[in-house]
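Input: a single structure, listed below in structure tokens.
What you see is a predicted model, and the numbers here were worked out from it, not measured in a lab.
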Amino acid sequence: MPEPTGRTLLLRNATCVATMDDTGRELRVASVLIRGNRIEALGPTADLPVTADEVIDASGHLVMPGFVNTHHHMYQSLTRAVPAVQDAELFTWLRGLYPIWARLTPEMIRISTQVAMAELLLSGCTTTSDHLYLFPNGSRLDDSIDGARLAGMRFTATRGAMSVGQSAGGLPPDAVVEREPAILADMDRLVSRYHDPAPGSMLQIALAPCSPFSVSRQLMQDTALLARSRGVRLHTHLAENDHDLAYSKERFGCTPAQYAEELGWVGEDVWHAHCVKLDAPGLACFAATGTGVAHCPSSNMRLASGIAPVRAMLDAGVPVGLGVDGSASNDGAQVVAEARMAMLLQRVGIAAEPFGCDRGPAAMTARDALRIATRGGARVLGRSDIGQLAPGLCADLALFDLSALGFAGGAVHDPVGALLLCAPAQAAYTIVDGVVRVRAGRLVSFDLEPVQRRHDELAKELVG
């Protein structure tokens with residue numbers, strides 16, 4: 001990144017600054033000085049300046065690194081709580097929604113991206129990925145990227161794809177799949193047009209065939225070759241539930257993890273969503289190769305997919321980030337709530353037993369879950385410039401008002417632990433790349449009311 005210049009922003013006199021750095025420093029009565037789009041200094045309030053171009057009084061607030069969301073389907077905010085699939089498991093849920101999603105338009109994708117990003121920003125999330133894998137009626141990934149510009153989030157936009165329809169043994173209807181040469185050509189176009197690999201980048205592209213049950217072996221291999229030739233990351237769904245596991249064994253004669261390894265879909269440039277049914281050999285492979293996982297606890301519970309063995313993953317050294325997943329399988333995009341779910345689910349999760357991990361209150365601490373939601377997500381997305389608070393890193397931060405009713409009696413004892421042990425809180429301030437995007441609990445990136453109104457009109461039109 002170039003040397004920061006210009007405007008300064010001082011977050012002054014915070015009750016606690018949780019750095020999430022390598023030592024896990026938590027600074028009491030501390031301040032953070034931002035210059036341009038980078039953190040210039042942080043430390044005890046007495047050691048930092050008292051003036052800046054803008055000063056935010058952070059007294060009574062917890063300051064955190066901005067959260068990192070590693071898996072989402074933003075267009076699905078248009079199909080939340082659809083009655084027909086409220087109580088369905090993954091494959092039935094998808095079959096019920098594919099025909100609805102086939103009616104998506106470019107405007108729907110653009111508006112739903114803005115609504116999803118508004119939700120994320122209001123919960124303290126500053127970096128997000130999105131997995132868009134169907135493109136009906138002239139829709140393109142460009143529509144999502146256009147929508148994201150208004151929100152001002154740091155964005156990893158993944159070009160998903162489905163190429164194997166029902167007639168060829170896949171899950172999606174033939175009407176929503178694409179031809180593989182066209183998919184690869186568009187992936188290459190998007191990388192050329194949009195991908196910025198530089199430190200501090202606000203927009204990156206990843207390549208993301210949807211899942212083993214919706215794309216061919218050849219497309220998986222060709223996509224991996226393309227991604228590595230262009231220096232971008234790879235993403236897909238893997239081992240999400242028992243039906244997903246059975247499909248891989250019947251169609252490919254191996255487990256999902258074995259399939260991924262065979263196709264070259266392991267390595268530090270790859271992250272897989274869910275991995276609920278990752279077995280011990282698969283976990284060992286992911287650990288040895290640095291293959292990442294996007295953990296989506298609320299979605300996994302909503303669809304009754306199971307409990308991902310996250311404690312075992314972490315103990316083995318697998319990179320793990322947090323994902324809110326699609327807004328039709330969560331059905332929300334509140335990252336603090338998602339981190340709380342991750343913490344609670346590991347404490348009761350029987351999935352830990354085959355891996356020899358203890359269950360119980362110590363299986364996942366609040367700080368463990370917060371680290372997954374910050375440092376873990378940054379690693380999964382291949383970013384060393386975000387996920388923690390330190391001089392020289394991107395100025396991505398979230399502030400939480402500890403005087404809120406939900407923190408009463410908790411923040412006075414442990415302001416960091418209280419963020420997850422108490423009721424999920426919205427951010428008081430969210431700062432992305434040095435720019436305040438949420439101020440005093442209100443989104444300031446754009447006027448949300450007309451966007452949300454149009455979103456709901458489109459949701460009615462889409463579902464019918």
Side-chain angles (χ1 to χ4, degrees), residues 1-68 121-127 152-154 198-202 367 370-371 374-375 378 383-404 407 411-412 414-416 418-419 425-445:
M1 283 184 287
E3 286 298 314
T5 58
R7 190 174 182 277
T8 54
L9 172 63
L10 178 64
L11 312 179
R12 191 169 189 274
N13 208 37
T15 296
C16 181
V17 175
T19 66
M20 293 292 155
D21 65 10
D22 290 343
T23 63
R25 286 187 306 157
E26 296 174 5
L27 309 174
R28 299 299 180 103
V29 192
S31 297
V32 181
L33 178 64
I34 296 165
R35 185 180 298 275
N37 62 0
R38 280 201 270 173
I39 296 169
E40 184 167 286
L42 71 164
T45 294
D47 296 344
L48 266 71
V50 297
T51 62
D53 293 319
E54 180 181 357
V55 178
I56 292 176
D57 180 7
S59 58
H61 287 71
L62 167 67
V63 179
M64 291 283 303
F67 296 119
V68 181
L121 286 166
L122 286 164
S123 69
C125 183
T126 54
T127 298
M153 290 194 76
R154 211 174 292 279
S201 168
M202 291 295 291
R367 285 167 174 81
L370 289 170
R371 198 167 187 86
T374 53
R375 291 292 296 275
R383 304 288 301 244
S384 60
D385 52 352
I386 62 173
Q388 60 178 308
L389 303 181
L393 298 189
C394 295
D396 293 0
L397 308 95
L399 283 68
F400 295 89
D401 183 359
L402 299 173
S403 69
F407 287 119
V412 294
D414 179 3
V416 178
L419 185 60
Q426 295 288 78
Y429 293 85
T430 303
I431 299 164
V432 186
D433 208 42
V435 179
V436 177
R437 296 295 182 179
V438 172
R439 185 183 295 275
R442 294 183 61 85
L443 184 76
V444 294
S445 290

Contact check, side chains of [X] and [Y], non-hydrogen atoms, under 4.5 Å:
X	Y	answer
L62	L419	yes
R12	V50	yes
S123	Q426	yes
P415	R28	yes

Taking all non-hydrogen atoms of both residues into account, name the closest pair between [X] and [Y] and its distance.
X	Y	result
P391	A41	CG-CA, 4.4 Å
G392	R38	O-CD, 2.9 Å
L397	A395	CD1-C, 3.6 Å
A18	P65	O-CD, 3.1 Å
A378	G387	CB-CA, 4.1 Å

Look up atom [atom1] in [X] and atom [atom2] in [Y], then write down how far apart they are to the nearest 0.5 Å.
X	Y	atom1	atom2	answer
C16	M64	SG	CE	9.0 Å
H61	L399	NE2	CG	6.0 Å
M153	C125	CE	SG	4.0 Å
D53	R35	CG	CZ	8.0 Å
L27	T19	CG	OG1	6.0 Å
D21	R375	CG	CZ	7.0 Å

Original post:
With respect to R154, which candidate in T126, D433, D385 satisfies the side chain to side chain donor-acceptor pair (under 3.5 Å) definition?
Top reply: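 So the option named by the test is D433.
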**OP:** Look at the side chain of T45 and the backbone N and O of V29, then say whether any donor-acceptor pair between them is shorter than 3.5 Å.
**Re:**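 Side chain of T45 to backbone of V29, a donor-acceptor pair under 3.5 Å: yes, one is there.
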Original post:
So, does R371 use its side chain to make a donor-acceptor pair with the main chain of G24 at under 3.5 Å?
Top reply: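 No; zero donor-acceptor contacts below 3.5 Å.
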Original post:
What do the steps show when you test L121 against V432 for side-chain contact (heavy atoms from CB on, under 4.5 Å), and what is the final call?
Top reply: CA-CA 9 Å; L121 286 166; V432 186; 3.8 Å; yes
Of [options], which is the lone residue that meets side chain to side chain contact (heavy atoms under 4.5 Å, CB included) with [X]?
X	options	value
L11	L42, I431, L33, V17	I431
F67	L370, T430, T127	L370
I34	V435, L9, L10	L9

Subject >> Candidate pair Y429 and R439, rule side-chain contact (heavy atoms from CB on, under 4.5 Å), full reasoning >> reply: CA-CA 5 Å; Y429 293 85; R439 185 183 295 275; 3.6 Å; yes
